[in-house]
Amino acid sequence: MEEKKKVVIDCDPGIDDTFALLMSIKHLDVKGIVTVGGNTGLEYTQRNARYITELAGRTDIPVYAGYDMPMLNQLVRATSVHGNSGLGTVAIPEPKKQLEKQHGVDYLIDTFMNNDDITLITLGPLTNVAMALAKEPRLKERIPQILCMGGSAFQGNFSATAEFNIYVDPEAAKLVFDSGIPIRMVGLNLTRQNRMHMSDVERLREIGGPVGSFAADILTFSVSQNGRNSLCDACTVAWLIDPAIIKKSVKVHVDVETKGEYTRGMTVCDWREYMSEDPLEDICHEKQYEESDAPQNVEVAMEFDQKRFKELLFGTIASYR
Ligand code: RIB
Ligand code: CA
């Protein structure tokens, strides 16, 4: 039996974060969960994370609170997508599991200064990670890789150019993307290849049990609001759980825009290195030009196997029965 990959997850649960946590708890060795303000306020995201560990039967996994607000304190939430509580309209009991006393940023510093075999997964704004890097710059050499749900190779969601996690805290994202830590980025260009519809909600309800019913209830909220949900965060952790689910990825230089009137929060990918014979074809068809001198700091996921992903997702939820 292959040893489970060790991870620490920074997240803002959040409907898709919830699915990502349930998948990670089952298939990865989750050392700790750090929460951040994002989809909703920290008072909810940390509470939801504590509840999810109880639902998954893993109250041994410690849950920490990090920052509620981004570095420049501009408040941006996604309650229209996730509901005020972050779990749609599903009411949960106050978790018995207590929050850890240590601040999430200090937990990140301690963990990565004392371990070199843990992957950091980020599923929300990058405020906690950036603040940890600012407080302990040696982390740049200590974190082996970051698997990040954020950004996009092309279009945004919160704006025409920016994806929500990056848009909430572009300064934090710039610090992280410029850090030199190897980043694997799962952006909207990838996650939009996954579509969860009401038929998928019904499949979760058929699986049933406490986890299947809860998953169906929270997904109902966002699918009924928006007609579908890509479960961005679940697509992200799937890359680590079953790497074949990401059928293609490319390394490219990525900058984070912090100033543009229309582009603040955009992950600017330098696609000049990758062009097809026919410019109208997909980008990354083949390497055509000389590499730019900017370092290829990010591996960007490009193609997704939705069938294989859904088999993993439904199989995981069923395994909680
Ligand atoms: O843009 C999608 C991302 O923003 C996901 O992580 C979702 O949970 C929200 O945080
Ligand atoms: Ca999230």
Side-chain angles (χ1 to χ4, degrees), residues 1-11 13-33 52-53 55-58 61 117-124 143-153 163 165 182-197 199-201 203-204 206-207 209 211-212 214-216 218-219 228-251 284 298-321:
M1 179 85 159
E2 190 184 339
E3 194 177 303
K4 289 182 179 179
K5 298 179 180 107
K6 296 175 185 170
V7 300
V8 162
I9 301 175
D10 189 280
C11 55
I15 292 170
D16 57 331
D17 304 70
T18 299
F19 281 85
L21 288 174
L22 290 170
M23 291 169 68
S24 300
I25 288 169
K26 190 60 80 172
H27 298 289
L28 300 171
D29 181 0
V30 180
K31 294 301 184 188
I33 297 170
I52 292 159
T53 62
L55 183 70
R58 289 295 311 276
I61 298 174
D117 58 350
I118 297 176
T119 292
L120 175 58
I121 299 177
T122 65
L123 306 175
I143 300 177
Q145 74 166 339
I146 294 174
L147 174 58
C148 171
M149 195 285 132
S152 178
E163 176 278 327
N165 285 339
I183 294 174
R184 290 206 279 171
M185 180 179 115
V186 177
L188 297 172
N189 60 290
L190 188 285
T191 63
R192 280 201 165 118
Q193 298 171 49
N194 185 45
R195 294 276 190 273
M196 303 296 287
H197 297 109
S199 56
D200 297 300
V201 172
R203 187 157 172 200
L204 289 167
E206 286 159 16
I207 292 172
V211 174
F214 178 72
I218 63 173
L219 191 56
R228 55 171 170 73
N229 185 311
S230 294
L231 290 184
C232 298
D233 295 338
C235 296
T236 302
V237 301
W239 197 357
L240 211 52
I241 295 169
D242 180 2
I245 285 175
I246 302 297
K247 298 193 290 185
K248 182 174 181 178
S249 62
V250 284
K251 289 203 169 184
C284 319
V298 180
E299 182 178 357
V300 178
M302 298 303 287
E303 288 182 24
F304 182 74
D305 186 335
Q306 178 177 234
K307 181 174 179 297
R308 191 174 176 123
F309 168 78
K310 288 195 177 182
E311 284 167 6
L312 172 67
L313 175 69
F314 292 122
T316 302
I317 301 298
S319 70
Y320 277 99
R321 285 199 57 113

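Along the sequence shown, residues carry numbers from 1. In this text, all values refer to a predicted model and were calculated from it rather than measured experimentally.
Side-chain contact between C232 and L188: present, with at least one pair of heavy atoms (C-beta onward) separated by less than 4.5 Å. Two residues are said to be in side-chain contact when any heavy atoms from C-beta on lie closer than 4.5 Å; S24 and I9 meet this criterion. Two residues are said to be in side-chain contact when any heavy atoms from C-beta on lie closer than 4.5 Å; F19 and T316 fail this criterion. Under the 4.5 Å side-chain criterion, counting only non-hydrogen atoms from C-beta, R195 is in contact with S230. D200 is not listed as a side-chain neighbour of N229, based on a closest heavy-atom distance of 4.5 Å or more. Side-chain contact between M196 and L313 is present, with heavy atoms from C-beta onward closer than 4.5 Å. Using a 4.5 Å heavy-atom cutoff, the side chains of K26 and S319 are in contact.
Partner of Q145 under the side chain to side chain contact (heavy atoms under 4.5 Å, CB included) criterion, out of I121, T119, L120, I183: T119 alone. Between C235 and the choices D16, I245, T191, the side chain to side chain contact (heavy atoms under 4.5 Å, CB included) rule is met once, by T191.
Of all the heavy atoms in D17 and L123, the pair that sits closest is OD2-O, 3.4 Å. Smallest separation of non-hydrogen atoms from L204 and A216: CB-CB, 3.9 Å. Smallest separation of non-hydrogen atoms from G150 and M185: O-CG, 3.2 Å. In plain terms, the two heavy atoms of L312 and A238 that are nearest each other are CD2-CB, 4.1 Å. Looking at every heavy atom in both residues, P13 comes nearest to T18 through CB-OG1, 4.3 Å. Considering every non-hydrogen atom in both M302 and L190, the closest pair reads C-CD2, 3.7 Å.
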(request) Take E163 and S152 through the test side chain to side chain donor-acceptor pair (under 3.5 Å) and record every step on the way to the result. (result) CA-CA 7 Å; E163 176 278 327; S152 178; over 6 Å; no
(message) If you apply the rule side chain to side chain contact (heavy atoms under 4.5 Å, CB included), what do you find for F309 with Q193, and how did you get there?
(response) CA-CA 11 Å; F309 168 78; Q193 298 171 49; over 6 Å; no
(request) Before giving the answer on side chain to side chain contact (heavy atoms under 4.5 Å, CB included), spell out for L21 and C11 the whole-Å C-alpha distance, their side-chain angles and the decisive distance to 0.1 Å. (result) CA-CA 9 Å; L21 288 174; C11 55; 4.2 Å; yes
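Salt-bridge check for K307 with D305: failed, with every basic side-chain N at 4.0 Å or more from each acidic carboxylate O.
Atoms CZ and CH2, on R184 and W239 in that order, are 5.0 Å from each other to the nearest 0.5 Å. Here L240 contributes atom CG and K4 contributes atom NZ; the two are 12.5 Å apart, rounded to the nearest 0.5 Å. Put simply, CD1 on I218 and CD1 on I52 are 7.0 Å apart, with the number rounded to the nearest 0.5 Å. Here the CD-CG distance, from Q306 to N194, works out to 4.5 Å after rounding to the nearest 0.5 Å. Taking CE from M23 and CG from D242, the interatomic distance works out to 9.0 Å, rounded to the nearest 0.5 Å. Rounding to the nearest 0.5 Å gives a distance of 8.0 Å between CG of L55 and OH of Y320.
For the pair D233 (side chain) and A20 (backbone), a donor-acceptor distance under 3.5 Å is absent.
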